[in-house]
2 protein chains.
Amino acid sequence: MNYLYVLRQFGLLLAVMSLAMAASLAYEALSFLSGGGGPGEALAARSLGIAVVLGLAVGGGLYLAGAKEKDKSMARREALLLVAISWLIGAALAALPFWLWARADGGGETHIFRSFTACYFEAMSGLTTTGATVLGSEGQRIGDLPNGLLLWRSLTHWLGGLGIVVLFVAVLPSTGTGGKKLFQAESTADQGGVRPRVRETARVLWLIYLGLTLACIVLMRATGAVNWFEALNHAFSVMSTGGLSTNDASIGGYDSVSLDLVTTLFMFIAGVNFVLFFHMVQGRWSIAWKDVELRVYLVLKLAVTALIAVNIMGGSIVTTTGRVIEAGLFQSIRFASFQTMSMQTGTGFGTADYDLWPELSVGLLIGLMFIGGCAGSTAGGLKVIRFWIVIKVIYQALERAFRPNVVRPLKVGKSVIDDELKLSSLTYLIVMGLLTGLGCFAVQLIEPSELCNFQTAFTASLSTLCNVGPGLHGVGPTQNYGWMHPASLWVLSLLMALGRLEVYALLVLLAPRFWRGD
Amino acid sequence: MNYLYVLRQFGLLLAVMSLAMAASLAYEALSFLSGGGGPGEALAARSLGIAVVLGLAVGGGLYLAGAKEKDKSMARREALLLVAISWLIGAALAALPFWLWARADGGGETHIFRSFTACYFEAMSGLTTTGATVLGSEGQRIGDLPNGLLLWRSLTHWLGGLGIVVLFVAVLPSTGTGGKKLFQAESTADQGGVRPRVRETARVLWLIYLGLTLACIVLMRATGAVNWFEALNHAFSVMSTGGLSTNDASIGGYDSVSLDLVTTLFMFIAGVNFVLFFHMVQGRWSIAWKDVELRVYLVLKLAVTALIAVNIMGGSIVTTTGRVIEAGLFQSIRFASFQTMSMQTGTGFGTADYDLWPELSVGLLIGLMFIGGCAGSTAGGLKVIRFWIVIKVIYQALERAFRPNVVRPLKVGKSVIDDELKLSSLTYLIVMGLLTGLGCFAVQLIEPSELCNFQTAFTASLSTLCNVGPGLHGVGPTQNYGWMHPASLWVLSLLMALGRLEVYALLVLLAPRFWRGD
């Protein structure tokens, strides 16, 4: 293992993160100069400033320390280690501004950000594009945070999302992890277009991501429901399928049909495999058109929306602001469509308190959380393509039971799915289930049962592992994670990282052979 | 599909079942003649009599109707259809005596057995060796049932268990279903001794089963805690890992250390792959000694017993009769050991109200329920060998993440597990998880949430699918299923059948191709 090289790359990453932090600082400084800030804003600026300096110093130091390794390239084990520490240690740097601000009495004596655990949780939630927050209770509303910190909070989403897209589409496939297979299965089977030039691919992906984000900002602002600052923050959150909002009532706080529509549309887009966009910008539209995963994703979304709309129609919908709306045809479709897309992509925005919806709807939403969006997107969960492979494998097993000698290749689109890919999809599902169970179990052991019932523990575990954000009951759409014991927050932070990095990239660190390198 | 041949075999099975029922009738008649019975007993005798006549008539009729097919042999599809209808329709015949007795006012006007659904549930619970009961509430205690019906209830267990052992060890492997692979993996890899002669194998298995049952009866009686009738009933229940008891407080009702020990021992035996006993009676002890599944089964049992014993020690244990015992070292081990074995094998007997135990212990018991006993035993659940294969596959996937080019064969003992067997184990686990989820969801939709919380619905679904019996809360060790809506009872009856027949044998009936036979 070439540790020096890994540290150099990690240093680079910390430096980039610090520069993004510096952008938040600049925004803070600008609004302060234009007379918008009070003493709280000054504190925020100072906290961001310290973190930027620290980040640049450590990052730059590591980068320079590894200078003699600069011509090396990255082998698989190095890539995995880099990815793991980027999220695990990167979250600590990202948490710093929140913590420094609270320690300097920015939010008052009882602010939750005085706990570094809570800050780390919030930062990990950002970088993993989960969107679970510890903020929102009395005295520590999201809106009370200075704008600079709010912007940094949304930026962690955006950086995390960018990192994931580049990682899973451009980097990991070239080092040959499981991800590659999933893309090969469908999108690049006959193209091979994405892999060869990692650097070039990463550049195109980043431009696509940036372009979509800009489009999202403009369209959100165009609805008139939000100002530019809010549009910026929410666009960062949407494109990364994150879910952190600057509004305590999430998107529901703006109560705008057109904003709901724009958000739903961009959540959908963010849940699509970025390989398809890559092909589209190069004029190969037919690949996207024929993509099986995209079709399944779309059909799932429409079918579940319809089911939930019918299920909630005729009753009443309570929005995240507490307003009660009669559930006619239009409102049912509006809220069902938004919530379905939000849960499936793992964005986790809320417009309605779905915790109050009938059990069928809640069950469907939980199911969608687990399935997640498309591979190669910023969405979380199992991923639609794996879900589809598992369904096909089960159907095939059924058929085998009475026709053992008929061996038919399992196909997704025109690609034959080999045993290895079947096994890896099934194994991944089982590991996800296992981790959800273990997480739920751990939270139940930590939290007293009068505070945290089974649904709370289970959905907190599932929601963080699938990088969604909210769950049910104690962590429902109008609740937050601030009440939890620090030990629970660590468990859930770990689940977020595990879910985001598709488990293995982190779990390998536990294998002695990984370190011995034999 | 040769329907006539299937019906002939099914007729034979109904006739055999009716003869077993006739044995219960004979017992009833004997105790009546010896002055033991009242009018309730006479009603029970009449109900059993009607059912016997009906069963023999229908069974005999079907058998004779198919006479011209007698020299045919059974292909896979015929075998699967026979198995499916044997349990699904067989349970209806088995339910008949209960229903006729209650309809004739045997248990009073409000007895739950007046509902055929409840009777079918009880009979299915018997034949699938689940051990879930609708009896036990005020006015319809288990002990109020006439002895003949109690005996028939226990006999359904014993017949079901025998059927499963013969089916999975002797019949299905020869027609080539998944089961075969599982046994080949370990026990018969280098022997091939079990498969060739189905009839001979079945005979030996039946003798082993009978011998173990007799040993169990004698040892249980020898403890002095139970009379011969109770020993007989409980031995039927233990050897089939069923769980129905003649005592409302289950084995805990006798509060005997030696009875607990004997029961624990025979539950363990009943959870062992019968192929191993087959080898043992033929003097091949080394095969049993080297069997990996047996070792894992034993280690799991000991490890979880130790964990639970430590976890409950120092507190207090409430027995199923409501007595509170101080949890010292001895009592902790005693109750932990019993409950662990009971849940893992899916027997479902209770000595303690584990619903009151700490969350860690409850979680471990739920985990064991899911894992279950060994393949080729009467135990339910996923089966230890599949669990072991899944664990190994997950470990291998982890290793692959950083060493993709090292391809090592996955071995269990000396047998190499091929991709097909890996896939079928993983698929089976996922299907079990899926069915548990669907069952839980269905029960939650049916039952009002104030009667049935999530734990109740989830463990009812899991417990019936894994053929255990009791679950938690509303279906906990001191509760029963009698309060449930008939629709829930149908759902759970179906889950019992699905779990018992390892899912595919039933699910294939839904595939159009199965019927078309192409």
Side-chain angles (χ1 to χ4, degrees), chain A residues 75-77 79-81 175-178 358-360 362-364 366-367 370 390 393-405 418-420 422-431 433-434 437 440-441 444-445 449 453-455 458 502-505 507-508 510-511 513-514 517-518, chain B residues 75-77 79-81 175-178 358-360 362-364 366-367 390 393-405 418-420 422-431 433-434 437-438 440-441 444-445 449 453-455 458 502-505 507-508 510-511 513-514 517-518:
Chain A
R76 163 188 310 269
R77 291 194 309 136
L80 288 171
L81 182 61
T175 70
T177 338
E359 272 157 353
L360 177 68
V362 173
L364 287 169
I366 298 284
F370 190 76
V390 170
V393 169
I394 291 175
Y395 184 79
Q396 210 175 39
L398 192 61
E399 208 178 9
R400 281 267 175 97
F402 62 97
R403 297 199 303 176
N405 303 320
D418 63 11
D419 279 358
E420 207 186 319
K422 286 187 215 166
L423 271 173
S424 80
S425 298
L426 295 175
T427 308
Y428 191 70
L429 189 154
I430 292 171
V431 169
L434 215 62
C440 167
F441 197 42
Q444 282 205 291
L445 288 181
S449 55
N453 64 8
F454 183 81
Q455 278 97 324
F458 180 79
E502 305 219 322
V503 180
Y504 301 126
L507 279 192
V508 287
L510 301 178
R513 276 185 186 146
F514 175 79
D518 58 22
Chain B
R76 165 188 307 270
R77 292 193 308 135
L80 288 172
L81 182 60
T175 71
T177 338
E359 272 156 353
L360 176 69
V362 173
L364 287 170
I366 298 284
V390 169
V393 169
I394 291 175
Y395 185 79
Q396 210 174 40
L398 193 61
E399 207 177 11
R400 282 266 175 99
F402 61 97
R403 296 199 305 177
N405 302 321
D418 63 11
D419 280 357
E420 205 185 319
K422 286 186 215 166
L423 272 171
S424 80
S425 299
L426 295 174
T427 308
Y428 191 70
L429 189 155
I430 292 171
V431 168
L434 216 62
L438 287 176
C440 167
F441 197 41
Q444 283 204 291
L445 287 180
S449 54
N453 64 8
F454 183 81
Q455 278 96 323
F458 181 78
E502 304 220 323
V503 181
Y504 301 126
L507 279 191
V508 287
L510 300 178
R513 275 186 186 143
F514 176 79
D518 59 21

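The sequence lines fix the lettering, A, B, ..., with proteins before strands; numbering per chain opens at 1.
- Only the side chain of A:I430 comes within less than 4.5 Å of a heavy atom in chain B; its backbone stays farther off.
- Summarising the geometry, atom NZ belonging to B:K422 is positioned 9.0 Å from atom CD belonging to A:E420; distances are rounded to the nearest 0.5 Å.
- Proximity to chain B is limited to the side chain of A:L429, based on heavy atoms less than 4.5 angstrom apart.
- For the set B:I394, B:D419, B:L423, B:T427, the count of heavy-atom pairs under 4.5 angstrom toward chain A peaks at B:L423.
- Contact of A:Y395 with chain B is made through the side chain alone, with heavy-atom distances under 4.5 Å.
- Nearest heavy atom pair, residue A:E359 against residue B:Q444, reads OE1-O, 2.8 Å.
- Of all the listed residues (B:V503, B:L434, B:V508), the one sharing the greatest number of non-hydrogen pairs under 4.5 Å with chain A is B:V508.
- Looking at A:V390, only its side chain comes within 4.5 Å of chain B, counting heavy atoms on both sides.
- Proximity to chain B is absent for every atom of A:L510, based on heavy atoms less than 4.5 angstrom apart.
- No side-chain heavy atom of A:V393 sits less than 4.5 Å from a side-chain heavy atom of B:L426.
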Report task. Show your reasoning for whether side chain to side chain contact (heavy atoms under 4.5 Å, CB included) applies to B:L360 and A:F441. Result -> CA-CA 8 Å; B:L360 176 69; A:F441 197 42; 3.6 Å; yes

